[in-house]
Amino acid sequence: MKSETRTFEPEAMLVGGEWISRDEQALDAINPADGSPSGRVSTADAAHVDAAVTAARAAASARSWRDMLPHVRAQILGRIADGIRAQSETLAHLQMLENGKVLNECRAQVVGAAATYRYYAAVCETLGAEITPSRGNYLSMTAYEPYGVVAAITPWNSPLTMEAQKIAPALAAGNAVVLKPSEITPRVGLAVARIAMEAGLPPGILSVLPGTGAITGDALVNHPGVRMVSFTGGTATGRRIAEAAARRLIPVALELGGKSPHVIFDDARLDAAVDGVVDGIFEGSGQSCVAGSRLFVQRKVLEPVVRALVDRADRLRVDLPDAPDAQMGPVAGFRHRQRIESLVQSARDEGGEILAGGARPQEGRLAAGAFYRPTVIAGLDNRATAVREEIFGPVLCVLPFDDEDDLIAQANDTAYGLASGIWTANYQRAWRVARALEAGLVWINTYKQLSIATPFGGFKDSGIGREKGVTGVRLYQQSKGIYWSMDPANVRG
Ligand code: NDP
């Protein structure tokens, strides 16, 4: 790591419409590509959380927001989208500095974040309520109303994407949002909040409170003014948040971890399948909740698939994230790399064979960063630690299977159920397997194809609730049944 001594003023956080700096307990941002400090950010304690939630409650119930016509709210969301596009390069570089993601991936995520605001602007302007069938002389309706204050808690792997996916629909639904970004990536949320304020979002409607989960996150989830929690992160944290929410009887949406099965049948187009597998696990250095980290290959094609994969993994260009032809950057931090290394060691200890990677890269210019080579492991069974635990790094475990029944039994033998992928030329089989896999998402002859228009979320320990899509707005609303008598005798005069 570089021993640079450059000092930074702590960047301000947004608390109820006020930008507040404080040096005490400020977070140091470390660039994982070379270990150098890249900034310092103020953090929120329980008093800041209280101030943000109190302001959010007041702003959410003020007529200026509560009664804002949907097409006017949509205009604000549209201006946020414009602002994000106008600051594309700044935002992409900021995320790259914080989590080491390859610059071109960050650029694509900026485009996606702007598109998310634009999509929810359209939903906000067009989504109606319902008149339900009446069983008498009355009108019955379902109206949808915001919860009031939504707490959004996000991880470090893709703040551009994750934060847009929570904030845009929650605002479209009429809420105020208090965001607690990951302590590793707090600055993307702050930069987007500046854009949102400039776009005309009323003060207090969005607060961004950097800080640790233990202090800031815990105070937020347990604040009596928070009426809904939307969380993306690890399953253990999600469970803790769900317990706190259960005590308070408030709803939660949880997007959690995964150990997604990626399946190649012997009739698949192998070159396309191998491309899909390589992107599915190594993009973002494997730090993706939907990473296809367990590869099941039908025994007849195991040998050529493994050979091609090892060749591809060995040739992937691991480099500084802003190198023009980098295909994989560092992982997001040095502690995180240690965890990846210990899980790869567990694979060795349990009889696994490291066919590619399994080490830090040798190139001198990468020595100061948190880099790890794309890794392919064979020879483990479905019970091994590296196959069961989410590694959240560039590590692929390859397992053989004999037939469809064997595949489904192995693929579903996991606590998780987020994503899955199937490569086959047999359409009936694709359909059968897609329906049998216990996962919230199935890709057939493709992988990691994602659209803001399609609901997203997990089965089993991978989560509760579905983000994205038109119904993503309903996640942040509660329905209200209204009965209105049409009997004139019930009305005076
Ligand atoms: P964590 O669960 O450790 O943290 C996620 C967020 O929760 C962070 O902001 C963290 O704060 C905060 N947090 C931690 N403890 C608490 C608490 N007690 N109360 C409130 N908030 C708390 O996950 P990571 O940040 O390490 O992210 C990686 C995980 O996220 C992976 O397991 C991955 O699968 C999952 N993920 C899931 C996705 C999905 O869509 N299903 C997408 C992306 C990631 P801090 O860390 O700052 O202390």
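Positions are given from 1, in the same order as the sequence printed here. Each ligand, and each atom within it, is numbered from 1 in the order the structure gives.
Residue Asn157 touches ligand 1 through its side chain alone, judged by heavy-atom distances below 4.0 Å. At a heavy-atom cutoff of 4.0 Å, ligand 1 is contacted by the backbone of Leu256 but not by its side chain. With a 4.0 Å cut-off on non-hydrogen atoms, Arg240 touches ligand 1 through its side chain and not its backbone.
Between atom 46 (O) of ligand 1 and the options Lys259, Glu183, His336, the minimum heavy-atom separation is to Glu183. Remark: among candidates Pro186, Ser158, Ala332, Gly234, the nearest residue to atom 23 (O) of ligand 1 is Gly234, based on non-hydrogen atoms. Here the shortest heavy-atom distance to atom 33 (C) of ligand 1, taken over Phe392, Phe231, Tyr416, Trp156, belongs to Phe392. Proximity annotation for atom 20 (C) of ligand 1: of Gly440, Gly211, Gly217, Gly217 comes nearest, heavy atoms only.
A salt bridge links Glu98 with Arg187: at least one charged nitrogen is closer than 4.0 Å to a carboxylate oxygen. A salt bridge is defined here as a Lys NZ or Arg NE, NH1 or NH2 lying under 4.0 Å from an Asp or Glu carboxylate O, and Arg383 with Glu350 fails to meet this definition. Lys460 and Glu438 are joined by a salt bridge, as a carboxylate oxygen and a charged side-chain nitrogen come within less than 4.0 angstrom of each other. Using a cut-off of 4.0 Å between Lys/Arg side-chain N and Asp/Glu carboxylate O, Asp45 and Arg22 are scored as salt-bridged. With respect to Arg339 and Glu389, a salt bridge is recorded, a charged nitrogen being found less than 4.0 Å from a carboxylate O.
Looking only at protein heavy atoms, the nearest one to atom 32 (O) of ligand 1 is Glu390 OE1, 2.6 Å. Counting protein heavy atoms only, atom 12 (C) of ligand 1 is closest to Ile153 CG2, 3.7 Å. Considering only non-hydrogen protein atoms, atom 35 (C) of ligand 1 sits nearest to Gly233 O, 3.1 Å. Of the protein's non-hydrogen atoms, the one nearest atom 27 (O) of ligand 1 is Pro155 CB, 3.3 Å.
Leu441 CG to Gln449 CD: the interatomic distance, rounded to the nearest 0.5 Å, is 10.5 Å. A distance of 7.5 Å separates CG in Leu256 from CD1 in Ile464, rounded to the nearest 0.5 Å. To the nearest 0.5 Å, the span separating CG on Leu190 from CD1 on Ile195 amounts to 11.5 Å.
For the pair Thr154 and ligand 1, the shortest N or O to N or O distance falls below 3.5 Å. Taking only nitrogen or oxygen atoms, main chain and side chain alike, Gly213 reaches within less than 3.5 Å of ligand 1. In terms of polar-atom proximity, defined here as any N/O pair under 3.5 Å, Cys289 makes no such contact with ligand 1. Between Thr237 and ligand 1, at least one pair of N/O atoms sits closer than 3.5 Å. Between Lys180 and ligand 1, at least one pair of N/O atoms sits closer than 3.5 Å.
Looking at heavy atoms from C-beta onward, Lys101 lies in side-chain contact with Ser158 at the 4.5 angstrom threshold.
Checked against a 6.0 Å centroid threshold, the rings of His262 and Tyr447 count as neighbours.
Distances shorter than 4.0 angstrom occur between a heavy atom of Met162 and an atom of ligand 1.
Close approach to Thr212 involves these atoms of ligand 1, each under 4.0 Å from a residue heavy atom: 48 (O). Under a 4.0 Å criterion applied to the non-hydrogen atoms of Leu418, ligand 1 contributes the atoms 41 (N). Listed by number with element, the atoms of ligand 1 under 4.0 Å from a non-hydrogen atom of Asp218 are 19 (N), 20 (C).
The aromatic rings of Trp156 and Phe392 lie perpendicular to each other, with more than 60° between the two planes, well past the 30° mark.
Under the side chain to side chain contact (heavy atoms under 4.5 Å, CB included) test applied with Lys166, the options Val177, Thr232, Thr116, Leu171 reduce to a single match, Thr232.
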